[in-house]
Chemist: 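Questions regarding the structure given below will be posed in turn.
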Amino acid sequence: MSITLVPSKLSPLDAVVNAAVPFATSLVVVNTPQLASASEHARSLGEGDNGQLYPSLVAIEPQEDIGSILFNLAEIAAEDSKQVAALIPSDQLLGILPTLENLTKNSYPIVINVFPSTTPDGVSDLADALAIRDAGCAFVCSSSVQEAYNQAIVSHIVSKELKKPFVHIVNIHNQGQKEISSIEEIKLSESTSVLGEFSIPSDDKGEEEADTSPSQLLLDAFSKVSKSLFGTENSLASYTGDENAKIVFLSIGSSRIPLPESTPAGVLQLKVYRPFPEAQVNKLLASTASKVVALEQSRPLPSVWGPLLFDLATLFQDRESSDIRPVLVDVRSTYNFSSWTSSNVDVLLNRLSSCYSAAHIDADELLGRPAQKPITNGSLESYDAKTAERVNQLPYAQMLRDTFKSRLNIINGLESSTIWGPPNVSSSNPEFGFGKVALLTHQREKLAKAVADVLADPSVDLSPELSKALSVWLSSKNDPKVATEESAQNITNLIGSNKQSVSFLETIVEYSSLLPAKSQWLIGADEWSYDLGSSGVHHVISSGLNVNMLVLDTIPYTERNTANTLARGRKKDIGLYAMNYGHVYVASVAVYSSYTHVLQALVEADSYPGPSVVLAYLPSTEGISTPSYSPIAALQESKLAVDTGYWPLYRWNPDRKDDDDKFTLDSPKIKEELRQFLLRESNLALLGKEAAKLSSTLQDSIERKEARKANKTALQDMNQLLNGLQGPPLLVLFASDNGNAEEAARRIERGGKRRGMTVRCMSMDEFEVDELPFEKTVVFSVSTAGQGEFPTNGREFWKTLSSASINLNETQVSVFGLGDSHYWPREEDKIYYNKPARDLEKKLTEFGAQQLVSLHLADDQDSDGWETGFQAWEPKVWEALNLDIVEGVVVDEPQKISDEQNKINSNYLRGTIKEALEDESSGTMGEYDAKILKFHGSYGQDDRDLRAERLARGEEKAYSFMIRVRLPAGVATPEQWLAMDELSDKYGNHTLKITTRQTFQLHGVLKRDLKSTMRGINKALMDTIAACGDVNRNVVASANPHQAHLHPELVQFAKDISSHLLPNTTAYHEIWLNDKVVAGNAVQDYEPLYGATYLPRKFKIAIAIPPENDVDVFAYDLGYIAILDEAQENIVGYNVVVGGGMGMTHNNKKTYPCLARMLGFVTKDKAVDVGEKVMLVQRDHGDRTNRKHARLKYTVDDHGVDWYREQVEERLGYKLEPPRPYEFSRNGDRYGWVPGKKGHQNFTMFIQNGRVADFPGLPIKSGLQKLAKVHKGLFRLTCNGHLIVADVPDADVPAMKKLLAELRLDNLQFSSLRLHSMACAALPTCGLAMAESERYLPSLITLLDRTIDEAGLRNDAIVIRMTGCPNGCARPYNAEIALVGKALGAYNLYLGGSHNGDRLGKIYKESVNEEQILEELSPLIKQYAIERNEGEYFGDFVIRKAIVKATREGKDFHD
């Protein structure tokens, strides 16, 4: 390949763009007026002469996350050994400093061309650019167009070869960015890389060069390439001036001082600043120099010496003692030195003549000119907000911004290592911010005095409008509703037009930026809590000034007692400290626990007329900007901290008149120190009050907890005493998640009692490891969780045992393990099979335990599952103990009641639910009542994030209940929406869930609130009967068909069939509504359709109107596909399909998902009757002995669809007609505005995974509450978890659009992948979840979106779904991409479902983690983008390419 230099005329921007052409795959340009021509030039480029494509242009806005975009593009390019180029203004550099460090850490080749901002006089401002010099990147400068081009070319070559990020400062003094200069540009004769033409220095050197450092290697490479390409001899630094100079000025780039010709001085200009070119500087520096002057343009720094001077000090420190060591002088200015005049230089030279030792000179002070202010776009407040830009990444800062908008003034920039992660500088001191607040307060007082004086002075002629405006401001200057930006602008305008101008008015204009009532905030972190005096927190609290402090605490609850945490010292309780002052507002909040509480605290703090302290929990080990930061982990840690009382949620408002109302506890537990403070407040000697008023939740947390603990201890002591009077001891310990290991343990317990033994049986975590050596015989029953982990109730035991030092020589043990040998099918994953049992047996043996019976492992793949292994193990236990059954010993067997018998015993769904509701000893219900409760629309759940910690504290699980509404067709009025919204706040967890079956779901309802919630739902004209249980459940129907005029008929059909198949029992009304339950069996209901045993399993119905399959009609037991007349105006009937269902069990091939099969056509007048008969066939023939085989899909497969049709027709008394033609095109929702019925419009909004909640930066729930109060139409819930604002009159559409925009509910600018995503609730509430789903899928899609965007598929729909277990609530098995949880962080990956929902997916990879998911999907997505046929969907593509086999029958699913 040959290289030639040809003349070109280019601007500096054009030069760096052209330099990027041979190397970069992407060119990132930040859209600012300064860089506009770069984008224009890049767009004007077509294909090069050599056929090479120019880089793709990525134009981004300054307010976007520039750092993340650069890192993501660099990461993608690096995977293909490519690189990225970028053009950004220098004022964006500080915001991407963490990104520069990450780029260096990951060795990503990228060249970032930085164009310094300019001062008002047109001179480059290098301060921001030079501030990032030590970010770890290579740092080069250029001072002409030719040099800009050369340095950019060389940077690209060296960056790619050495995998080093480069920052290139294009600093061309006083040259407009559009000025054209003649330069020499390289032209390549081939499109191959130029790298092969140069011998880049490598690590493979001879002995004499073996110790070359990486820094020297980079400098050598830069020099060699510069010389080879452009013949440049001094590419690292250059010298101009007197060869025998006594004074040498050292500068960077074009920031050089203009020396008079006759001056015996010189200028050494650095072109490469990082790594610092020591050898080149030493070589060029005049040996006669007695003084070396570092010229540094920078903002005011806390240190006396600048960084360039430190570089020189290090350089001369290494000189031999015999060498001359010149005097070092540091000259700093806020101005660019190239803007100096000759007279300025004379003043400096005169000052230098008197410097005989190291000195620091403030050039601005020397020249008598004010320090130049930073470049800003507005007032001091806007600049302060800019310096706190990174703080806005915090969820709390987002809430501050959303709450106070333009009123917000974040006074300091938070730089805490506990927030951003190491390495970083220490926290900014609150005393600094407090000083700014004090100054602003003083200035505002001066402003108020000027207003008062001008109003009181009769000699001042004020217009009536100005006089009124000033009077209103003076009386309400602290009221943000009065002292607004608009009123301030009005006052300024009125002053400008006033006839008379006096000094008072001039003062008002001078301080006009202080007219609006701002919300002043200081933001700090953990560092502030270690020394309240030195940190300045004390000064803020004691000042009495109206300032707010937001102090973040980042120590995770689970790491509160670790060595690293304790080594930092003891933190002070700022909240308690502030509360003792009495006049300070204090709140303790946790955004991941209660969004509403945080919002309330922020508003109260702002309105409080004095200092406020808001303590905000944000647990993070490494920092929120580090790759290891996990929002899910932060959520889990927050919940633990709040639940245990480690981080109580409360508000202390001294401004409230009633002393009893000053303290509000917003969480169930409280720290002892805080409780003591409240009790002290109640002391007569202090405040003269009779007693402290603690909330009921506080009383429960302190007194009731201790009572329960005492009762439990007494019961254990009594059992031990009674057992001591009986036979030989046996301890049975179990660790069990799904109950099987516990059942095995209970059988051993009962067997031991039959043999006269004294048996104790408990979970492993209930037993103290230290007591193990005192036990004679111990039997363990342990199941396997996740990836070879112990179940929840055995993890603490195992953790303690693993680090224990005990002697078990006198203890006999036997371990029984339960696992599934096929659960982890890959060879490398087989270690997970029964791993807990094997690890436990090994550890016990290490401690010297004697084997009673050797390790036995039960396998779910055996014919009888774990029972096979148990039957082989149990006899050996009794044989080893030499014990036979003792005659006459009676052991109470637990009553095992089948689900069918339980339904019969329930007396038509009554059971003993009423009695269970009145039982306050537990937050849950018994097993059998819990199963009957499902028929009433509620499931018992517990918060699994808190399960382990509660068990360790000896408390029961954090029980609560889910309530599901019966809402046929998903249609609700605005009044019903508001009712559900209110109930979720009053009794639930402050969120609503739009389910995948088109209804409302409440979570977090406590047992004591169940009845009140049910009544609230009923009052809103809804109910929950049959929303769950072995009955027909909520009937779903297409929410957005093309034919809007058919909506009313479709909804009515859904209501008709739902009502027709509703259970007939009156139990629901008796228990929840009337408070009257007939005792005993005095009432005998009659269920004409169901009978006393109802159905074998749940029964689901869906109704669809082609071409929309938004309900996934084939995924249901019974589906109706509407058939229209030829005019497509009226429904004439329905094709009926039966036998769909999503649920299955991992590695149990007898279970599988199915799509419904065609039964026939029925006219619409007979549709309800057909539905009844389909259900009755299932009632009579469904499997009632095995619930895993009880769904209608198995009945169809066992007997055949023809048989099922015959059974239905026999009950109907007539034949079904043959099915009629139809076609489905899609199964997603139509987002945005869609025409509805005549004169109306519908708006479909995206609600991620159906979770209606207030998120930081996106308060969806609050927004929808406001919308519901003005909406005149209906709400339609969709089966994909989204919401349609339906029937908006055409006349109201403009107002509705405006409202949606104001509430941020109109944002549909997501990738189509995200818009077609869906996830089930999973953790932490679902008891069946094996992995995350709803909380994880959004972040996974964010990662996949990078590939989607790179492949150009952002607007191409791909259906992706995730579930936390194989039961299929989010209908994953007919999605184009599906991820089904197997364990925490592990999923089965399925591909090949159809875009319209009529084909099943097929397993592609098993047990993949996040990294593997991305590794598998990214190349497939890219291949799809390149090789797809026109109009071909992703699911069809993977079938055509034989990546997976097409699957339409459930029986073929596992093949």
Chemist: Which label fits Tyr617 and Trp647: parallel for a plane angle under 30°, tilted from 30 to 60°, or perpendicular past 60°?
Modeler: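 Parallel, since the angle between the ring planes stays under 30°.
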
Chemist: Answer whether the closest heavy-atom distance between the side chains of Leu615 and Asp553 falls below 4.5 Å.
Modeler: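 They are not in contact (no side-chain heavy atoms under 4.5 Å apart), so the answer is no.
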
Chemist: Take Trp1072 and Arg1015 through the test side chain to side chain contact (heavy atoms under 4.5 Å, CB included) and record every step on the way to the result.
Modeler: CA-CA 7 Å; Trp1072 307 110; Arg1015 286 179 170 177; 5.5 Å; no

Chemist: Less than 4.5 Å apart, side chain to side chain, heavy atoms only: is that true for Tyr650 and Met579?
Modeler: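 Of all side-chain heavy-atom pairs linking Met579 with Tyr650, at least one is under 4.5 Å.
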
Chemist: Name the residue from Thr792, Asp942, Thr924, Leu946 that meets the side-chain contact (heavy atoms from CB on, under 4.5 Å) definition with Lys957.
Modeler: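 Testing Lys957 for a side-chain contact (heavy atoms from CB on, under 4.5 Å) against Thr792, Asp942, Thr924, Leu946 leaves exactly one candidate, Asp942.
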
Chemist: Within a strict 4.5 Å, meaning less than it, do heavy atoms of the Trp521 and Leu400 side chains meet?
Modeler: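 With C-beta onward as the side chain, the pair touches.
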
Chemist: Report the C-alpha separation of Met925 and Leu1010 in whole Å, then their side-chain angles, then the decisive distance to 0.1 Å, and conclude whether the side chain to side chain contact (heavy atoms under 4.5 Å, CB included) test is met.
Modeler: CA-CA 12 Å; Met925 292 186 180; Leu1010 270 175; 4.2 Å; yes

Chemist: Under the 3.5 angstrom rule, does the side chain of Lys1019 hit a backbone N or O of Ala979 as a donor-acceptor pair?
Modeler: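 Between the backbone of Ala979 and the side chain of Lys1019 there is no qualifying donor-acceptor contact (under 3.5 Å).
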
Chemist: Does Ser406 offer a backbone N or O that forms a donor-acceptor pair with the side chain of Lys518 under 3.5 Å?
Modeler: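 Indeed, once roles are kept as given, a pair shorter than 3.5 Å links the two residues.
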
Chemist: Measure the shortest side-chain to side-chain distance between Leu640 and Tyr646 over non-hydrogen atoms and say whether it is less than 4.5 angstrom.
Modeler: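 No. Closest side-chain heavy atoms not under 4.5 Å.
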
Chemist: Taking all heavy atoms of Arg964 and all of Met962, pick out the closest pair and write down the distance.
Modeler: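 Scanning both residues, the minimum pair turns out to be NH2-CE, 3.5 Å.
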
Chemist: Could you tell me whether the side chains of Ser763 and Asp765 share a donor-acceptor contact shorter than 3.5 Å?
Modeler: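 On atom types as modelled, these side chains do not qualify, holding no pair under 3.5 Å.
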
Chemist: Using modelled atom types only, decide if a donor and an acceptor are shared between the side chain of Glu1334 and the backbone of Ala1322 within a distance under 3.5 Å.
Modeler: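 No; zero donor-acceptor contacts below 3.5 Å.
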
Chemist: Closest heavy-atom contact between Val584 and Pro654?
Modeler: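 The pair with the smallest heavy-atom distance is O-CG, 3.4 Å.
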
Chemist: I want to check something: taking the side chain as every heavy atom from C-beta on, are Asp985 and His990 in contact at a cut-off of under 4.5 Å?
Modeler: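 Side chain of Asp985 against side chain of His990, heavy atoms only: contact under 4.5 Å found.
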
Chemist: If you measure from CZ on Arg947 to CG on Asp737, what distance do you get to the nearest 0.5 Å?
Modeler: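 Spacing of CZ (Arg947) from CG (Asp737) equals 6.5 Å.
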
Chemist: Where the side chain of Asn546 meets the backbone of Pro609, is there a donor-acceptor pair that is under 3.5 Å apart?
Modeler: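 Judged by distance alone, no pair lies under 3.5 Å.
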
Chemist: Which pair of non-hydrogen atoms, one from Ser1012 and one from Tyr987, has the smallest distance, and what is that distance?
Modeler: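 Smallest interatomic distance, heavy atoms only, reads CB-OH, 3.4 Å.
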
Chemist: Are the side chain of Arg560 and the backbone N or O of Ile555 linked by a donor-acceptor pair below 3.5 Å?
Modeler: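 No, the answer is negative, given that no donor and acceptor are paired below the 3.5 Å cut-off.
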
Chemist: Once rounded to the nearest 0.5 Å, what's the spacing between atom OH of Tyr585 and atom OG of Ser607?
Modeler: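 The OH atom of Tyr585 sits 7.5 Å away from the OG atom of Ser607.
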
Chemist: Are more than 12 heavy atoms from other residues, nucleotides or ligands located less than 6.0 Å from atom CD of Glu918?
Modeler: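 Yes, because the 6.0 Å sphere around CD of Glu918 holds more than 12 heavy atoms from other groups.
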
Chemist: Indicate yes or no: at least one non-hydrogen side-chain atom of Phe404 is less than 4.5 angstrom from one of Ile410.
Modeler: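 No, their side chains stay 4.5 Å or more apart.
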
Chemist: Verify salt bridge (Lys or Arg N to Asp or Glu O under 4.0 Å) between Lys1261 and Asp981, making sure each step is shown before the conclusion.
Modeler: CA-CA 8 Å; Lys1261 188 169 183 289; Asp981 180 86; 2.9 Å; yes

Chemist: Donor-acceptor pair, Gln976 side chain versus Ala1020 backbone, under 3.5 Å?
Modeler: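 Side chain of Gln976 to backbone of Ala1020, a donor-acceptor pair under 3.5 Å: yes, one is there.
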
Chemist: Can you find a heavy atom in the side chain of Ser519 that is under 4.5 Å from one in the side chain of Asn548?
Modeler: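 Yes, close enough: below the 4.5 Å cut-off.
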
Chemist: Closest approach of Ile1247 and Arg1251, non-hydrogen atoms and distance?
Modeler: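 The answer is CG2-O, 3.6 Å.
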
Chemist: Give me the one residue out of Gln636, Lys639, His1003 that meets side-chain hydrogen bond (donor to acceptor under 3.5 Å, both in side chains) with Asp943.
Modeler: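 That would be Lys639.
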
Chemist: Salt bridge (charged side-chain N to carboxylate O under 4.0 Å, His left out): which pairs involve residues 604-619, sequence neighbours left out?
Modeler: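 Pairs touching residues 604-619 that pass the test: Arg407-Asp606, Glu604-Arg651, Glu604-Arg656.
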
Chemist: Please tell me if the side chains of Leu983 and Phe1000 come closer than 4.5 Å, counting only heavy atoms from C-beta onward.
Modeler: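 Leu983 does not reach Phe1000 side chain to side chain.
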
Chemist: Check whether any side-chain N or O of Lys1007 sits under 3.5 Å from a backbone N or O of Tyr959 as a donor-acceptor pair, and report yes or no.
Modeler: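 A pair under 3.5 Å: no.
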
Chemist: State, to 0.1 Å, how close Gly923 and Glu956 come at their nearest heavy-atom pair, and which atoms those are.
Modeler: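 Residues Gly923 and Glu956, closest heavy atoms: N-OE2, 2.7 Å.
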
Chemist: Applying side-chain contact (heavy atoms from CB on, under 4.5 Å) between Asp666 and each of Val642, Leu649, Val589, report the one that passes.
Modeler: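 Only one option passes, and that is Leu649.
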
Chemist: Taking atom CD of Glu637 and atom OG1 of Thr554, what is their separation to the nearest 0.5 Å?
Modeler: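 Spacing of CD (Glu637) from OG1 (Thr554) equals 11.0 Å.
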
Chemist: Would you please name every residue forming a ring pair (Phe, Tyr, Trp, His ring centres under 6.0 Å) with Tyr608, sequence neighbours left out?
Modeler: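 Ring pair (Phe, Tyr, Trp, His ring centres under 6.0 Å) list for Tyr608, sorted by chain: empty.
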
Chemist: For Cys1320 versus Gly1364, what's the shortest heavy-atom pair and its separation?
Modeler: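 So the two residues come closest at SG-N, 3.3 Å.
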
